[in-house]
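Have a look at the structure below, then the notes.
Treat the numbers as computed from the prediction; the structure is a model and nothing was measured.
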Amino acid sequence: LAVGGWLRRGGGRERWRGLVLVGRWGARRGGRGRGAVPAAFVAAMAAGGRAGLAGVVLRWTGMAIALSSVALGAAVMLARPVALPLAALATLAFGLAHGAAHGVETPAGAGWSYMIGFLATTAGLHVAGLAGASLLLDQTRGAVVLRVFGSGSALAGGAFLVSAAG
């Protein structure tokens, strides 16, 4: 069943985008942010997943997932420093929303095994985003490429946000 949680990640480009962006934002922050931002997301995702498994439905989950692509894309695009506590707080909120969505979608009887799958996949996507961004930042024009990726992600998240609102 953990494989089911891993495979579930294939649904929803907005979710993939947000998870990769968390790693990219961590790389962009540098220092302690490289690990703190993704770790905060995964911890909050576990809490949200647990709440969803318990039957707690958060009405704002879809909007928060869309906002995560907008906000994280904008953060990567703007490349401006954000205080680590604020970055962690935003990441916690987004992680809680992503986790709650997965917890509610968990197949009957799958429980923790399914959660382990989506948490492991989330961490892997964060690492992919962190590694990709780190490699880009080592290149001459890598920061520009990273900013373009961030702007595209923010726009795509905005389009999803508009569709989710309507």
Look at the side chain of [X] and the backbone N and O of [Y], then say whether any donor-acceptor pair between them is shorter than 3.5 Å.
X      : Y      : result
Ser163 : Phe160 : yes
Thr106 : His102 : yes
Ser113 : Ala110 : no

Closest non-hydrogen atom pair between [X] and [Y], with its separation:
X     : Y      : result
His98 : Ser68  : NE2-OG, 3.3 Å
Gly73 : Ser153 : CA-CB, 4.3 Å
Ala71 : Phe94  : CB-CZ, 3.8 Å

- Which residue pairs satisfy the side-chain hydrogen bond (donor to acceptor under 3.5 Å, both in side chains) criterion with at least one member in residues 74-91, sequence neighbours excluded? none

- Message: Tell me whether Leu161 shares a hydrophobic cluster with Val22, the cluster being built from Ile, Leu, Val, Met, Phe, Trp, Tyr side chains joined at under 4.5 Å.
- Response: yes

- Item | Cluster overlap Trp112 with Leu119, hydrophobic side-chain contacts below 4.5 Å | yes

- So do Met115 and Met45 actually touch side chain to side chain, heavy atoms under 4.5 Å? no

- Message: Can you confirm whether Phe149 sits close enough to Leu21 that some side-chain heavy atom of one is under 4.5 Å from a side-chain heavy atom of the other?
- Response: yes

- Any idea how Phe41 and His126 line up, ring-wise: parallel (<30°), tilted (30 to 60°), or perpendicular (>60°)? perpendicular

- Does Ser134 have any side-chain hydrogen bond (donor to acceptor under 3.5 Å, both in side chains) partners at least two apart in sequence or in another chain, and if so, which? Arg34

